[in-house]
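Note that the structure is a prediction, hence the values are computed from the model and not measured. Chain A is the first sequence line, chain B the second, and so forth, proteins listed ahead of strands; every chain is numbered from 1.
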Amino acid sequence: MDTLVELRDICKIYNPGENEVKALDHVSLTIREREFVAIIGHSGSGKSTLMNVLGCLDVPTSGNYYLHGHDVAGMTDDELSDIRNQEIGFIFQGFNLIPNLTALENVELPLIYRGVGKRERMELSKAALDKVGLEKRKTHKPSEMSGGQQQRVAIARAIAQAPPIILADEPTGNLDSNSTREIMDILRALHEEGRTVILITHDNDIAAKAKRVIKIMDGKIEEDYINVTDNGE
Amino acid sequence: MNRALYRKFAWNGIEKNKQLYIPYLIAGGTMVAVFYILSFLASSDVVHSLKGGTPITMMLRYASVGSGLFSVPFLFYTNSTLIKHRRKELGLYNILGMNKKNLFSVLIWETLISFGIVAIGGVICGIVLSKIAELVLVNIMGQDVNYQIYVDLKSALLTIRLYAIIYLLILINSLRRIKENNPIELLHSEAVGERPPKARWFLALLGMFFLVAGYYMANTIYSSMFKMAFSDMPEIITYGTQRSFYSVGAILIGTFLIFLCASVAICKLLQRNKHYYYKTSHFVTVSSMAFRMKRNGASLASICVLITAVITMFTFTVAFRLGIRDIMAAKYPYDIGVTMEIPSNRMLEEVKTGNDRTIYRQQLQSTLASQTSGALEKETDQIILFGYMENGMIDLSVDTRDIWDGTASFEWVNNVVLEQGKEIVSIRIISADDYNEMCGTNIQLSDGEYLFAYTDWDYSPESFILPDGTQANLQNKTKVAPLKSLITFDKNGHDVSDSIKFVNLIVPNLRNFLLDDYKLADHIGSNHILYQWEWGVDITENYDRVEEIHAAISAAAKEAYQETNTEKLNSYTRAERADNANGLTGGLMFIMIVLNILLLFVTALIMYYKQISEGYEDRRRFVIMRKIGMTTKEIRRSVNSQVLIVFGLPLMIAGIHSVFLISVVNFLLSVATVDDRHLAAKMTLFSFGLFTIVYAVIYMVTSRVYFKIINRSE
């Protein structure tokens, strides 16, 4: 498998000076294509900062970030937006759907930015909703759906444009156990389809579903191991 | 992204957020319409051609500038509330791949669309309403003017240009705020935990200081003007205006500091009292109130200031309108009137013989006879001089040379008054016959009997002492006093009695009193004495004819008077003065109506936004409080009382402000020659009552949005 993501000596410092906080402290890691990685850590460990950097939502204070071999650490805001649009599908704990739009319109949204034509957009969006089992709910607004269904719409939005990376930040944090299971099954299915899934969580049970676990503490990678308990592998 | 998409996103953004956008667009449209209407009327030939049209045009010009200036912070405020709620959505767009330039393009289109709706809608509304406004204005002033319907392109362009600049500034501000944040900050902007409010004691105390200083300045306007009794009237008015301005400014600053800092400080103080604080009902209410006041301080202070402005403006305008009618009747008792001041070097001779008056009278009578027949002639004369009042006794033997050489500064006069415990009063002496004529009474005074007539004194004069030391036999005192007529009092020709206490002394016979009792000959030169003669006629002619006759009489009066100082000769026609007064009060009334509607609308809009933002905040709190074990009933009770306090507080404080501002209203009324001090107090009470009802209705209507949002969580 080719290298998809490579972080080299990444530091992220907030409030430089006397009260500075080192959220990421010389982090280096590599993620290959089609990996299913869980980044685990306690609150304040730096995992959200790591996710922001991986998702091109924030830029590191120092170090290099290579995506597909291109250094994105020094890219402009506009270039980072393009990367997010084309390379990364985001799934958030709080779903982050636009409340005034229907499920289908929410899924369509990133495709619109990408300049996908209307007919193709509709087909891709419907297919994505179908994949997460919500084709019949496409005209519903978020407020008319359960938490699990809203998260499935968010997943449909993330996969509609077929990005190589799925970045999920505590995707089951707000869900009950049934919905959690459903979401994890979808993520696993996406991985099996060939997507690279990066999952951020504080929950060991959720992390146990991933192939590889990266444990982060105080802004440093403490452990990085292959999950042998998953399906006996 | 192509351009059409930005437009589509922008339109969708407006359409999908209509709950926020509709009030924002209405706010902008209203501002545009009001500005257009005021500009249109200010440059309207119709308004200018009205009698008293010049001051109205000027007032309208000021009002349009005022409404334009007010639009800037107000539209910025409404837009910031809008953007605050849209940042999460914009952050999400940014995360999903829309770059900042795309976001800016969407925002630019949103602003363009908003501006288009606001400008076109506002100007169209303005054009329609300006016609109605013109009709209302003409109607209020009771005048009949024909005019053609037309669109004032100049005003329309001015309006569009002004609001284009305002919306451009708003856009720049929105773009700046979006640019400063990365996508995650935008996404989480609503969820960022609020920092606990700090008690800023210094600022809280400073707020109290400003408020007390403002109240003090407002309430000492009269006493401080009294100290200036010997200054020029314009100087006194300037001083009073400045003092009013400072007092209003101090109250304004004080209000903002009180709402922003003192409210939090009081909550913090309550939190320190452990016995009080750690009770179920107090704990949640007090801790939440601190946050609420921190969040809402500025907008609640704005509401408070707006309410105060509405009440004060309403009070002043209605009191002015009511008061000016009485004033017109008293100040201008005749259809045509002439007032002359007899020069001091001829005063004694004139009182003795009446020769000058005979010459004046004959001249005026012959002119009148050449112009019209059947006119009803009347004349009065009066003396105005100074006296001291001490322990309720007025002493007429005052020698003004002791305290005033005509140039003395007011501080010096003040010291004299304070040290000796005496007060200078202004006394108008008139005969019983003239008094009966002026007041429509029928009093009879025997020789040696006198009557005091005065209004609005804190304590009344009991009697007076004649210069020879004998105490006069006061027959009675009455509150039926003739209003001040064309009094020109000090040596510069200004009416000092506006700023010091004023009493009418009614005597059986003016000539006898002055010569025998007062010994006028001994006091000319020592007391500052004015002798005024007023001659008037009532005639049954039309407006234009009365003006013509007045012109002839005025010329004859000047010829007869033969004095170089013609400032001491005045003439008027009641109709013309009444027209001017009606023009002034009508214009004021109209501006008051327009501004009050505008201010009420702004108040309602701020409350609407507050109810929305409080609703969203409380919805989150509802969930948390339920999780920690409070029952829905307890939460509702606590939230209801907080919301009621939050919206009741501005009304309560505005009520207090209005009470203290009665003095400022009184000052403005007295500058506008209305001197009934109870009128402003009565009108303040009335307008506060009226506004409380309006405010309660606004509150009830807007609170429906709040409860709608709250109930969504249940």
Students often mix this up, so state it plainly: with edges at 30° and 60°, are the rings of B/Y93 and B/F9 parallel, tilted or perpendicular?
perpendicular
When you compare the side chain of B/Y6 with that of B/I108, does any pair of heavy atoms fall below 4.5 Å?
no
Under 4.5 Å from any heavy atom of chain B - which part of A/N52
side chain
Validation row: A/I165, A/I31 side chains within 4.5 angstrom (heavy atoms)
no
Check whether B/N182 gets within reach of chain A through its side chain, its backbone, both or neither, counting any heavy atom under 4.5 Å.
side chain
Tell me the ring-ring contact (aromatic ring centres under 6.0 Å, His included) pairs involving residues 79-100 of chain A, sequence neighbours left out?
A/F90-A/F92
When the 4.5 angstrom heavy-atom criterion is applied to A/E105 and chain B, the contacting part is side chain
Among A/L97, A/N85, A/I88, A/L101, residue most engaged with chain B (heavy-atom pairs, under 4.5 Å)
A/N85
